[in-house]
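One-based numbering, in listed order, for ligands and for the atoms of each.
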Amino acid sequence: MAPLDPEADAEALHAVYGDPEVMAWWTRPATASVAGTRRLLAEESERRGAALWTVRAGNGTVVGVAGLLGAVEIPGLTWILARHAWGQGFATEAAAAVVEHAFAHDGLERVEAWVEADNARSLAVCRRLGMVRRGMLAQHYAHREGPHEVVVWGLANPRKEQNPPPVLHVEPMLPVADVAATLEVLRSVLSARVAFSVGDPVEVAGLVLGPWSVGPSIRIVTAPRSQSAPVTLALDVGTGLDDLYRRAADSGVGRVEPPIEQPWGVREFVFQLPEGHRLVFGAPA
Ligand SMILES: CC(C)(COP(=O)(O)OP(=O)(O)OC[C@H]1O[C@@H](n2cnc3c(N)ncnc32)[C@H](O)[C@@H]1OP(=O)(O)O)[C@@H](O)C(=O)NCCC(=O)NCCS
């Protein structure tokens, strides 16, 4: 690997950044010319904190780029290879060298990789590096039609002391008049799993918004209407906003306001429960 030189390397790397198949998951579309590739490489290299290297095959041919992204809050790994170079271990080897440099030389505490949920090859690189899946978020690139889901992977520097996170999870509590009825509506609209329910009739129940034991969750507790001050919950959703909207509207419960685009770049709709609690579902616009 050698430090990336946008001027000198653009020609060889145009086979990578100009290939729509390789660029299918990139933050921008494939470049149309060597000059466009040069501009993209210059922009990516100039970002504060960026450290990019060209990846070369054994015979010295440039086959891709690996390194650390610039202008991100937590240092982020990046990798990309020419299509003909896939399946030979270049990305894993290059990324491992970047990680070693970041930890041993730069002394970074941790690195992340953000990988689109259907980018199977890139997800496999994360696994081979021993990265740990930390969660998911949604992103929307300007050149793509809708938002997509991204898996955030993390790797901590084993040379540094790791403190456990001070908080594992935050669970909002919704006071409602009829816990069982609210549980049923939220369970069906959100495809949620009932983690527990206590009492007959139910007085307290926990919903996990996903198929696993842990995940975003809501606790529902009994309270007379007079004592249940309305709560607003913001729920980040990925690509499923329209499906959720339809399910909320079809539930016939509460009030559903159609999706609108907010000035801060989020498309959202409000599902208001009979008690006045507002569930605001949002995805990148
Ligand atoms: C992501 C990307 C770099 C992964 O490339 P890749 O070739 O699949 O990954 P590696 O270079 O680590 O190669 C791994 C493959 O080589 C094989 N391999 C051969 N020798 C190997 C070795 N010495 N070490 C590791 N793997 C080896 C592995 O078994 C694996 O094979 P498989 O694909 O049949 O499972 C490539 O698909 C790409 O450029 N995608 C487009 C850009 C992109 O999406 N970047 C990431 C955005 S988050």
Does an N or O anywhere in A91 fall below 3.5 Å from an N or O of ligand 1? yes
Residue-level breakdown please: for T78 versus ligand 1, do any non-hydrogen atoms fall below 4.0 Å on the side chain, on the backbone, on both, or on neither? neither
With nothing but distance in play, are any N or O atoms of G87 less than 3.5 Å from an N or O of ligand 1? yes
More than 12 heavy atoms of other residues, nucleotides or ligands under 6.0 Å from CH2 of W114: yes or no? no
Salt bridge check: are R267 and D242 linked by an N-O gap of less than 4.0 Å? yes
Within the structure, does L81 bring an N/O atom to less than 3.5 angstrom of an N/O atom in ligand 1? yes
Classify the ring geometry between H148 and Y141 as parallel (under 30°), tilted (30 to 60°) or perpendicular (over 60°). perpendicular
Decide side-chain contact (heavy atoms from CB on, under 4.5 Å) for L273 and F271; before the verdict, give the C-alpha distance in whole Å, the side-chain angles of both, and the deciding distance to 0.1 Å. CA-CA 6 Å; L273 298 177; F271 179 25; 4.0 Å; yes
Taking all non-hydrogen atoms of both residues into account, name the closest pair between A66 and A94 and its distance. CB-CB, 3.8 Å
Determine, counting only non-hydrogen atoms of the protein, whether one lies under 4.0 angstrom from atom 34 (O) of ligand 1. no
Are any of the N/O atoms on T92, whether in the backbone or the side chain, positioned under 3.5 angstrom from an N/O atom of ligand 1? yes
Is the closest N or O pair between S122 and ligand 1 shorter than 3.5 Å? no
Does F90 reach ligand 1 with a nitrogen or oxygen that is under 3.5 Å from one of the ligand's nitrogen or oxygen atoms? yes
Work out which heavy atom in E43 is nearest to a heavy atom in R28; give both atom names and the distance. OE1-NH2, 3.0 Å
Which part of W114 is near ligand 1, with near meaning a heavy atom under 4.0 Å away: side chain, backbone, both or neither? backbone
Result of checking V63, V16, D9 against T54 for side chain to side chain contact (heavy atoms under 4.5 Å, CB included): D9
Under 4.0 Å, counting heavy atoms only: does M23 come that close to any atom of ligand 1? no
Please check atom 29 (O) of ligand 1 for a protein heavy-atom neighbour under 4.0 Å. no
Polar-atom distance check: W25 versus ligand 1, any N or O pair below 3.5 Å? no
Where's the contact between Q88 and ligand 1, heavy-atom distance under 4.0 Å: side chain, backbone, both or neither? backbone
Can a non-hydrogen atom of A124 be found less than 4.0 Å from any atom of ligand 1? no
